[in-house]
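Just so we're on the same page: letters track the sequence lines, and every chain starts at 1.
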There are 2 protein chains.
Amino acid sequence: MSSSAPVTGLRERNRARRTRRVERAALELALAHGVDHVTVDMICEASDISPRTYFNYFGTKEGALLGLAQAPLLDADIEAFVEARGSVVDGLLHLIATGFVASDPDREIFLMRRRLFAQEPELQGLQLARVAGKRQALTRIVERRLTAQHPETAPTERAEEAQLVVAVVTGAFPIASRVWLDREDADASIDEAIAMVLARVRRIVQM
Amino acid sequence: MSSSAPVTGLRERNRARRTRRVERAALELALAHGVDHVTVDMICEASDISPRTYFNYFGTKEGALLGLAQAPLLDADIEAFVEARGSVVDGLLHLIATGFVASDPDREIFLMRRRLFAQEPELQGLQLARVAGKRQALTRIVERRLTAQHPETAPTERAEEAQLVVAVVTGAFPIASRVWLDREDADASIDEAIAMVLARVRRIVQM
DNA sequence: TGCATCATTGCAGACTCTGCACTTTCGCCT
DNA sequence: AGGCGAAAGTGCAGAGTCTGCAATGATGCA
């Protein structure tokens with residue numbers, strides 16, 4: 001993790017370096033003073049970029065705290081998911097995990113972020129909000145798979161099921177990634193964390 | 001629904017009337033022009049209150065679109081949940097539903113809101129964000145119940161379980177309330193909707 | 001009716017965010 | 001090397017959100 005980046009030009013390396021510098025500065029400030037006592041100007045001064053550039057990078061004040069948005073899922077992965085059979089929840093969890101791991105998250109920043117989220121729960125909300133933008137897309141993908149898997153189901157019911165699947169998965173995923181991050185002795189696979197969380201969800205829902 | 005409010009003084013009635021007027025105006029404008037082409041000033045002009053008052057009521061621009069925050073849960077209900085046994089997910093779903101129904105939601109506004117949410121998924125995100133503020137509290141309540149119910153579990157595991165329960169429930173609840181709203185021929189109980197959604201979650205998670 | 005209290009309002013100002021024009025930097029090609 | 005075209009960073013102006021404070025107005029109650 002946080003190694004083996006597909007290096008290309010100086011331009012991209014500069015961008016990556018800057019991004020981390022800004023994210024780190026933002027997180028430190030927010031941890032020290034609380035999110036709403038931090039201004040974008042403070043972050044910019046601490047990380048030595050112009051406010052205009054800050055917004056070019058992150059779009060919103062909280063952007064640097066939440067981290068850059070993930071790259072969109074690969075079409076190939078989506079198709080594989082739609083055509084696969086078995087547990088839909090498990091499949092979707094893996095689909096998302098693939099994109100997550102591919103983004104090569106920086107562990108140190110992750111841990112700071114987690115500490116901050118514990119201090120300020122509203123941020124967790126914003127995180128959800130950002131993901132929620134993609135929920136619709138995700139829901140449609142799940143619907144496609146459900147249609148293929150159970151063609152006999154009524155459309156309304158299928159839509160509701162898809163929404164439920166997405167709700168459960170987007171709820172469970174952050175916990176899986178957290179478990180993964182905690183367990184990461186050497187190079188534990190995120191699959192284990194997913195399996196574990198999924199088992200727990202089953203147990204919870206059952207009793 | 002939207003009857004039998006515990007009426008008190010003129011003051012409160014005025015406030016309620018105003019709130020609805022503003023919410024309705026905001027929703028109409030947002031449906032017509034899209035959320036980010038609507039300004040607070042526009043909403044205020046349409047509903048004839050001052051911007052300052054708008055913010056006193058709703059706090060944020062989106063406040064009127066999301067509706068006033070729910071009243072906090074009653075301590076008695078919380079205690080009953082903690083001491084109850086059986087399905088934790090089911091119990092929590094009912095706990096939240098109780099608060100929801102008690103807030104006496106206005107059906108017409110609800111339907112507009114739903115239409116708007118379909119148009120602008122980011123709003124659904126903000127909805128989640130607002131609820132997320134309460135997630136921590138909810139998580140602690142669930143932990144208390146889990147402690148009572150399964151004292152042998154390790155604390156870490158229990159914390160993760162609690163988070164999962166909250167994730168599943170907060171994901172499933174909006175769908176239950178939507179089902180309820182759709183099915184509402186006469187005075188169907190929200191319990192039915194909950195049971196149905198819960199059954200569906202079980203099925204989804206299982207396969 | 002008259003007073004105490006609470007709600008609404010106007011105003012000033014801080015902060016977030018965007019469009020546009022300008023400058024700098026980078027990648028590439030001769 | 002040197003220079004050109006494209007991409008990225010910056011400054012500025014301005015719209016829009018949101019808050020504190022002080023003043024005004026409405027309500028509840030004696």
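For B:Arg15, the side chain to side chain contact (heavy atoms under 4.5 Å, CB included) criterion is met by B:Thr19, B:Tyr57, not counting sequence neighbours. Annotation: side-chain hydrogen bond (donor to acceptor under 3.5 Å, both in side chains) contacts of A:Asn14 (sequence neighbours excluded): A:Arg17. Every residue meeting the side chain to side chain contact (heavy atoms under 4.5 Å, CB included) condition with B:Ala97, not counting sequence neighbours, appears here in chain and number order: B:Phe173, B:Ile190, B:Ile194. Judged as a ring-ring contact (aromatic ring centres under 6.0 Å, His included), and not counting sequence neighbours, A:Phe81 has no contacts. For A:Phe55, there are no ring-ring contact (aromatic ring centres under 6.0 Å, His included) partners two or more places apart in sequence or in a different chain. Residues forming a ring-ring contact (aromatic ring centres under 6.0 Å, His included) with A:Phe117 (at least two apart in sequence, or on another chain): none. Every residue two or more places apart in sequence or in another chain that forms a side chain to side chain contact (heavy atoms under 4.5 Å, CB included) with A:Ser50 is listed here: A:Arg52, A:Thr53.
A salt bridge links B:Arg144 with B:Glu79: the distance from a Lys NZ or Arg NE/NH1/NH2 to an Asp or Glu carboxylate oxygen falls below 4.0 Å.
Shown for residues 52-62 of chain A: residues whose heavy atoms fall under 4.0 angstrom of DNA chain D, namely A:Arg52, A:Thr53, A:Asn56, A:Tyr57. Contact check of residues 21-36 of chain B against DNA chain C (heavy atom, cut-off under 4.0 Å) returns no residues at all.
Around the CG atom of B:Asp48, the shell of radius 6.0 Å holds no more than 12 heavy atoms that belong to other residues, nucleotides or ligands. Within a 6.0 Å sphere centred on CD of B:Glu45, heavy atoms belonging to other residues, nucleotides or ligands number 12 at most.
In this structure, the side chains of B:Leu66 and B:Phe58 stay at 4.5 Å or more apart for every pair of heavy atoms.
Where DNA chain D meets chain A (any atom under 4.0 Å from a heavy atom), the bounding nucleotides read 5' to 3' are D:dA6 to D:dC12.
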In B/S/- notation (B base, S sugar-phosphate only, - none; protein heavy atoms under 4.0 Å), nucleotides 23-30 of chain C written 5' to 3' is --BBS---

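Using modelled atom types, one side-chain atom of A:Arg113 and one backbone atom of A:Leu65 make a donor-acceptor pair closer than 3.5 Å.
Between B:Asp41 atom CG and C:dT9 atom P the separation is 13 Å, expressed in whole Å. The nearest whole Å value for the distance from the NE2 atom in B:His37 to the P atom in C:dT18 is 12 Å.
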Would you tabulate the side-chain donor-acceptor contacts of residues 160-168 of chain A under 3.5 Å, counting partners in other chains and residues two or more places apart, or write 'none'?
from, atom 1, to, atom 2, distance (Å)
A:Glu160, OE1, B:Arg200, NH1, 2.5
A:Glu161, OE2, B:Arg203, NH2, 2.5

